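Down below is the structure, laid out as C-alpha cells.
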Amino acid sequence: MTVVDDIQTNQLSTRLIFYPLILLATGLWLLYRWQQQTRIYKLGNKLPGPIALPVFGNALLALGKKPEELVRLALSYVEVYGTVIRGWVGSKLVVFLTDPDDVEVILNSQVHIDKASEYRFFQPWLGEGLLISSGEKWRSHRKIIAPTFHINILKSFVDTFNQNSLSVVNRMKSEMGKVFDVHDYMSGVTVDILLETAMGITKETQDASGFDYAMAVMKMCDIIHQRHYKFWLRFDAIFKFTSFFEKQKKLLGIIHGLTNKVIKNKKEKYIHNKAKGLATATVVEEKTTDKDMSGLANAKTLADTVFKGYRDDLDFNDENDVGEKKRLAFLDLMIEAAQSGAHKITDHEIKEEVDTIMFEGHDTTAAGSSFVLCLLGIHHDIQTRVYDELYSIFGDSDRPCTFEDTLQMKYLERVIFESLRMYPPVPIIARKLNRDVKISTNNYLLPAGSTVVVGTYQIHRNPKYYKNPNVFDPDNFLPENTSNRHYYSYIPFSAGPRSCVGRKYALLKLKVLLSTILRNYKMESDVTEDQFVLQADIILKRTDGFRVQIAPRQRVPSTAA
Ligand code: HEM
C-alpha cells in the first residue's frame with residue numbers, strides 16, 4: 001500500500017464517520033425543533049383567538065389593510081376575545097396581553113427582558129442601542145445611561161427648555177389664524193432640545209439638519225411599520241429588492257449623518273480641551289440643599305403615586321442624595337467614559353446609544369406634546385383650568401419658567417398624564433419569551449419561543465380602572481383616584497427594569513414647553529376626538545395630522561374674563 005492509498009483510506013473512513021454524525025445531529029436538531037414547535041402549537045391553541053390558516057396562520061388578516069384599519073381590527077378583537085388573545089404569524093405564536101396582572105408578570109420580571117424579533121427592523125438604524133440590546137451589554141449600558149437623566153442634571157436643562165420653547169412660540173406666530181399641523185413644530189423643537197441637552201451641542205454649532213433629521217425619522221418609522229404588518233417585507237431577502245430598501249438607505253444617510261457629526265464635534269472638543277487643560281465637559285456640580293429636597297418631595301407627590309409600583313431604577317435613591325456630586329449629561333459622560341477608560345464603551349457603541357436616545361427622546365415627546373395641544377383645543381374648559389393655574393404661578397409676566405414653577409403645575413401634570421393615558425405615544429411593547437411563563441388569567445402557560453405583545457393603548461381604556469375610559473378627564477389622576485389603582489393599568493413609559501430612562505426628562509420638558517406655549521396662545525381645534533384617525537406606526541400618531549389653530553392669549557384669569 002502506498003502513502004497515497006493510506007491517505008485515501010483515512011479520508012474515506014473519516015467521511016464514513018463524519019457524514020452520519022452530521023446527519024444524526026441535524027436529525028436530532030430537527031426533532032427537537034419539531035417537538036418544540038408542536039408544544040408551542042399545543043399551548044398556543046389553548047388560548048382564545050381568531051381561526052388560523054395553515055402556513056400563514058393569521059398573517060393574512062393584515063393583507064390590504066391600511067394602518068388605521070389595523071388599529072381598529074386589533075381593538076375589535078379585544079372586545080371579542082378578552083384580555084388574552086393569540087395569533088399566529090406563520091408558525092410564530094404571538095400573544096396579546098391587556099390585563100394588568102398578566103402584564104406585571106412580564107414587565108416586572110428580570111428574566112423576560114429580551115425584545116421581540118420585530119425590533120430587529122430597527123437594527124440598521126439603532127444598532128444594538130439600549131432599546132433593543134439585551135444581556136450584559138444592555139445591563140451595563142443602562143447602568144451608565146440611567147444616571148445621566150438624574151433630576152439634578154434635568155434641573156440644569158430648564159434654561160435650555162425655556163429658550164427653545166420661546167423660540168417655537170415665535171416660529172408658530174406665522175400660523176396665527178390658520179389650521180396647521182402642530183406636530184411639525186413639536187418635532188423640530190424636540191430635536192433641538194435633545195441636541196442641546198442630552199448631546200450638549202450648542203445652538204451656534206447646530207444647523208438646519210435638525211429638521212431634516214426629524215423628517216427622516218418620521219419616514220423611517222413608516223418603513224419599519226410597513227415591515228411589521230406587510231409580512232412579506234419581514235424577509236430581508238425580499239425587502240432588499242423593494243423600493244423601501246433604497247429609501248431606507250437614503251434616510252439612514254441623513255439620520256446617521258447628524259449623529260456622526262454630533263459625536264465627532266463632541267469628541268474633538270473633548271480632545272482639544274483636554275490638551276489645553278480646560279474642562280472637558282459641562283459638569284453639574286450640585287450641593288443639594290434642604291430647600292431642594294423639600295421641592296423634590298413635593299415634586300414626587302403625583303408622579304410618585306402613579307409610578308411608585310414600577311420598580312425601576314429611576315429614583316436613584318433621591319432621599320440619600322444629599323451632598324456634593326459631579327454629574328455629566330448623556331453624551332459628555334459617554335465620551336468621557338470612553339476616552340478616560342472608566343467604562344468599556346467603544347465609539348461604535350456610543351453611536352448606537354446616541355441614535356437610540358435621539359429616536360426615543362424625540363418622536364415620543366413630539367407625539368405626546370402634540371396630543372396635549374390638540375386635546376386642549378377641543379376641551380376648552382380644561383384649557384381654561386390649565387391657564388388659570390399658570391396665571392396663578394406667573395401672573396401676566398413673561399418671565400421664564402423655573403424648576404420650582406414646574407412643581408406647582410399640578411393640573412397641567414394631570415392633563416399630561418391623562419393625554420398619555422388616552423393616546424400613549426408607544427401604544428404597544430413586545431417581548432420575546434425565553435422561558436415558559438404562567439400568567440394569572442386562567443393560569444394560561446405561555447411557551448418559551450413565543451412573542452408577547454403588551455397592549456398599552458387598550459389597558460389604558462379599561463373601564464375596570466377608568467370610570468369613563470373614552471372621556472378625556474384629567475381628574476383620573478387626582479391622588480384619590482390613583483392611590484388604589486393597579487400600577488400596571490398605567491404604563492405609558494413601560495415599567496420594571498426596561499422602563500423608559502427618559503421618563504423624568506420627558507415630564508419636565510413637557511411641562512416647560514407646554515406651559516410656555518399656553519401662556520402665549522389659546523389652542524383651538526376644528527375636529528373632535530372621535531374624528532382623530534389614529535395610526536400606530538411605532539409611535540401613535542394622527543394620520544389626519546395634528547391639526548390645530550392658535551389665537552393670542554389674553555393674559556387674564558377666567559374669573560376676570
Ligand atoms: C412622552 C415621552 C416618552 C414616552 C411615552 C416614552 C415611552 C417609552 C416606552 C414605552 C419605552 C419601552 C419601550 C419598549 O420596551 O419597547 C421606552 C424606552 C426607552 N425610552 Fe422612552 N419615552 C418617552 C421619552 C423618552 C425620552 C425623552 C428619552 C431620552 C431622552 C427616552 C429614552 C428611552 C430609552 C433609551 C428607552 C430604552 C430603555 C431600555 O430598554 O432600557 N424616552 N420609552
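Bear in mind the structure is a predicted one, so any value in this text is a computation, not a measurement. Order of appearance sets the numbers: ligands from 1, and atoms from 1 within every ligand.
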Any atoms of ligand 1 less than 4.0 Å from a non-hydrogen atom of [X]? List them with their elements.
X: Ile429; value: 14 (C), 15 (O), 16 (O)
X: Ser499; value: 38 (C)
X: Ile357; value: 30 (C), 35 (C)

Tell me: protein heavy atom nearest [atom], and distance?
atom: atom 10 (C) of ligand 1; answer: Pro492 O, 3.4 Å
atom: atom 16 (O) of ligand 1; answer: Tyr119 OH, 2.6 Å
atom: atom 1 (C) of ligand 1; answer: Phe493 CE2, 3.9 Å
atom: atom 42 (N) of ligand 1; answer: Cys500 SG, 3.0 Å
atom: atom 24 (C) of ligand 1; answer: Thr364 OG1, 3.3 Å
atom: atom 37 (C) of ligand 1; answer: Leu131 CA, 3.9 Å
atom: atom 32 (C) of ligand 1; answer: Glu360 CB, 3.5 Å

A cation-pi test, strictly: NZ or CZ of Arg227 under 6.0 Å from the centre of the six-membered ring of Phe244 and no more than 45 degrees from its axis. Yes or no? no
State whether Tyr423 and Arg461 meet the cation-pi test: NZ (Lys) or CZ (Arg) under 6.0 Å from the six-membered ring centroid, and within 45° of the perpendicular axis.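 Yes, Arg461 lies over the aromatic ring of Tyr423.
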Is there a heavy atom of [X] sitting under 4.0 angstrom from any atom of ligand 1?
X: Phe330; result: no
X: Lys115; result: yes
X: Gly368; result: no

Do ligand 1 and [X] have nitrogen or oxygen atoms that lie under 3.5 Å from each other?
X: Tyr505; result: no
X: Arg142; result: yes
X: Arg498; result: yes
X: Leu130; result: yes

Going by the closest heavy atom to [atom], which one wins out of [options]?
atom: atom 34 (C) of ligand 1; options: Ile539, Val501, Leu540; value: Val501
atom: atom 26 (C) of ligand 1; options: Gly361, Ser369, Ala495, Pro497; value: Gly361
atom: atom 11 (C) of ligand 1; options: Ser494, Gly496, Ala506; value: Ser494

Kindly say whether [Y] contributes a backbone atom to a donor-acceptor pair with the side chain of [X] at under 3.5 angstrom?
X: Ser109; Y: Val105; result: no
X: Asn162; Y: Asp159; result: no
X: Arg421; Y: Pro474; result: no
X: Arg171; Y: Tyr185; result: no
X: Glu389; Y: Leu412; result: yes

Would you kindly say whether [X] and [Y] are connected by a side-chain donor-acceptor distance under 3.5 Å?
X: Asp405; Y: Thr402; answer: yes
X: His379; Y: Gln383; answer: no
X: Lys509; Y: Thr197; answer: no

Evaluate the criterion side chain to side chain contact (heavy atoms under 4.5 Å, CB included) for residue pair Met358 and Met199; output intermediate values, then yes/no. CA-CA 9 Å; Met358 285 301 292; Met199 307 302 160; 3.8 Å; yes
Is it the case that the ring center of Phe477 lies less than 6.0 angstrom away from the ring center of Tyr490? yes
Ring centres of Phe161 and Tyr505 under 6.0 Å apart?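 Yes.
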Which segment of Pro424 sits under 4.0 Å of ligand 1 when only heavy atoms are counted: neither
